[in-house]
Amino acid sequence: MSLRGFSWSRFIAMVVKEFIQMRRDRLTFAMMVGIPLIQLTLFGFAINSDPKHLPTAVVTADHSVFARSFVAGLAHSGYFEIVQDLETESEARRMLDTGEVQFVVTVPVDFGRKLLRGERPVLLVEADATDPSATSNAITALVTLGQTVLNRDLTGTLVALQPRQPPYELRIHRNYNPEGLTHYNIVPGLMGVILTMTMIMMTGLAITRERERGTMENLLATPVRPLEVTIGKIVPYILVGYIQVSLILLAAWAIFEVPMQGVALLLLCVLAFVAANLSVGIMFSTLAKNQMQAMQMTFFFFLPSILLSGFMFPFRGMPQWAQAIGEILPLTHFLRLVRGILLKGNGVAEALPHLWPIALFMLVVMCVGLKRYRKTLD
Amino acid sequence: MNDDAFVIDVAGVNKSFNGKRVVRDLDMQVRRGEIYGFLGPNGSGKTTSIRMLCGLLTPDSGRGTCLGYDIIRETAEIKRRVGYMTQRFSLYEDLSIQENLDFMARMYGMPNRRQVVTDALQRLGLTDRRRQLAGTLSGGWKQRMALAACMLHAPQLLLLDEPTAGVDPKARRDFWSEIYTLAATGISVLVSTHYMDEAERCHRLAYIADGRLLARGTPQQVLEAAGLTTWSVEGEGLQQLAAQLRDLPGVEQVVPFGATLHVSGTDAALLAQSIAPYQASADYRWSAARPGLEDVFIQLMEHAQDNGA
C-alpha cells in the first residue's frame, strides 16, 4: 500500500490500457458524453420548484364587483389560471378529486353585501395539497393578494374597510437569484448528480469487469501492485469527468445563462469531487463479485446522494440525523461549492470548509478499497 | 540462489475452499530445464496447485519454494520471474495483439519494450496482424499469443495451465515444438494437460486426482510403478465379451480401442487365469499389449475413487 515499489511503467500500462478500452467501447463513451447533455437539457428545462399557472376552478354565487376583482387578482398573480366558472360546489369537488384542477375558489352568496356591511365574509380556497411544494408558493401569493386586491374598489367611504397596514415595512431581497429561477439552482446541482452517477458506475464496473472476463487472473499474475491498478483506473476517468464538467458548464452558460463566476476555482473543486466518487467506485468494485452487484451498489449510494444532499429537497428541511448523513456525502459539499462559487462568487476561503470533507471522504474510501483489493484469487 | 537443482520444490501443501480440500499434502519437485507434465481429471486440483506455485493463491499449510523464493512470503519475486499462462484466455479481447503485448511488457517494466514486442510479434508471425483485436483470433492463435505474452519478460519458469485445451492437432503440435525449443534454452516448464500423447512428451509427470498426488516419475517409471498387465483382444462380438470380462476376478479395466479391446489388471496371474477360457476360443485373437499411460491413469483414478468412497 506504500509508495515504495510504485512503478511508473506499470501505472502507465494501466492508464494506457484503460484509455484504449474506453475508446473501443463506443456505446459507453457515447453515454459518457451524451448523458450529461441529455440530462442537463431535460432536467434543466423540466424541473421547476416554483410552478405557476395552476388550474383553478371558481364557484361564484355572488356577482359583486368585489368577487370579480378578487378572481381577476388571482389570475393576475400568475399562479392561478381560471379554467372553469362553476355553478355548484359538488361539481367543484369532483374536479378537485379527479385532479382536473389544483384549486377551487368559492365565493359565497352575498359576499359583496356582507363585505360592505363589514361582516368579514368567508372566501374559501381549497387546494389539492397532496404535493405541498406544488401549492405552497401559490398559497403564499394568495395571502399577499388578500392584502391588496380590493384596495382599488374600497375607496371613498369604504376606505375604512381596507385591510390595515402593518406599522412597519417589510423589504425582501432575493440575493444571488433575484428572479427565483429554479434552473440557477438545478443546473449547477445537476453537474454534481451527473458526475456522481457516471463516475461511480464507470469505475465500479472497471475492476469487476476484469474479474468477470477472467483478465484479473492474468493481471494478478503480473507484479502489478494494488495502488498502481487503482490509480491507473482512476486517472482516465478523471479526464472523462472533466469532459463532462466542461460540457455541462458550456451548456449552463449558453442555454440556461447561469452566472459563471470563479470557474477556475470550480475546476479545482471538481478534481476533489471526481476523485472522491471514483474511489467510491473502486471500493464498490472490490466488494462486488460481478458487474450486476457493482451496479446495485452504485444505486444504493446514488439515491441518498440525490435525496439527502440538498439537490432535490432543502437540506435544512431535514431532521438532524438525516443532515448528519448528508454531511458525509461528497455531493452535499459539492453542491454547496458549485452553487457558492457560480452563483455567489465564493472564493477559496469560503470553499475550503467544504473541500476538506470531500478530501477526507475520499481518503477513507480509498483506504477501504485498497484494503479490500485482493492480490490473490483467494 | 537459483543454482539449486529444483525450480519448484514444495512439500505438504494444502488448500481448501469452503471446507472442501482441493489440494492435499502436495509434494512436488521440478528440475531445471525439465518439461514436467501435470495430469489429472477435471477438478482434481491442478489449477489450484499451479496458482499456489505462482502466488495467486495462498496455501493453507505447507511450505516450498519456486525459483528459490518462498511461495508464501516472496510472491512478488516469483511473479516477476515466472510466466503463467492461464487456462482461460485472460488477455484483453478488446485490445489488439500489439496492445496486449505492449501492456504486458510495460507490466514487467521491460527496458527495451518496443524491441521486445516487435520481436515477439515476429516470432509469432503476427506482425501483419498486429492491429487485429485479440478477441477475433482463433483458439490456436489465442494460445500462441498468450504464450508469447507470458514469455515477454524472459521468465525462467513457465507454468502452463492446459495450454492446448480445445486447440486443433496442428496447432497443438506447433505449440509443443515451441515448448521443446524453450526447454532447450534452459527454461523449465510445468504443463498441465488432459492429453495422453502430451503426457508422453514430458520428461517427467505427476498425476493428481481429488487433490492427491497419486503417481510421479518419468512416463516409463509411472508405467512400471503401476504394475499393470494388459491384453489386447481382436475378433467378433467384442461388446458381449467386454460385458462378460468385466465381472471376472483380476479384470480391472476393459476398454475398447477401435477394433480391439484392452483388458488390464494389476494381478497378472489372476488376470491370466480369468481370461484363459476366452483365450481358448477361436473367435478371439489375444496378444499381450504394452499398457499405455491412459490405462495407468484410469486405473489410478478408479482406485482413488474407491479409496475416497
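Below, chain A is the first sequence line, B the second, and so on; all start at residue 1.
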Q) Pick one: which of A/Lys233, A/Met32, A/Met197 meets side chain to side chain contact (heavy atoms under 4.5 Å, CB included) with A/Met202? A)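 With A/Met202 as partner, side chain to side chain contact (heavy atoms under 4.5 Å, CB included) holds for just one option, A/Met32.
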**Q.** Among B/Leu160, B/Asp161, B/Ile78, the one residue meeting side chain to side chain contact (heavy atoms under 4.5 Å, CB included) with B/Tyr84
**A.**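 Looking at B/Leu160, B/Asp161, B/Ile78, the match for B/Tyr84 under the side chain to side chain contact (heavy atoms under 4.5 Å, CB included) is B/Asp161.
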Q. So which of A/Met14, A/Arg10, A/Glu228 has the biggest tally of heavy-atom pairs under 4.5 Å with chain B?
A.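 That would be A/Arg10.
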(Q) Counting only non-hydrogen atoms closer than 4.5 Å, does B/Leu159 touch chain A with its backbone (N, CA, C, O), its side chain (CB onward), both, or neither? (A)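 When you check distances to chain A, no heavy atom of B/Leu159 falls under 4.5 Å.
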Q | Pick from B/Glu77, B/Glu93, B/Met85, B/Arg80 with the largest number of heavy-atom pairs that fall under 4.5 Å of chain A | A |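 Among the listed options, the one with the most contacts to chain A is B/Arg80.
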Q | Heavy-atom pair of closest approach, residues B/Leu57 and B/Phe17 | A |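 That closest heavy-atom pairing would be CD1-CZ, 3.8 Å.
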**Q.** Heavy-atom proximity to chain B below 4.5 Å, by part of A/Arg24
**A.**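 Contact with chain B: side chain only.
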Q. Side chain, backbone, both or neither: which part of A/Met216 has a non-hydrogen atom closer than 4.5 Å to chain B?
A.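 Contact with chain B involves no heavy atom of A/Met216 at all.
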**Q.** salt_bridge(B/Glu99, B/Arg130) N-O dist < 4.0 Å
**A.**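 Judged by the 4.0 Å cut-off on N to carboxylate O distance, B/Glu99 and B/Arg130 do not form a salt bridge.
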Q: Please confirm whether A/Phe284 and A/Phe300 have ring centers closer than 6.0 angstrom.
A: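 No, the ring centres sit 6.0 Å or more apart.
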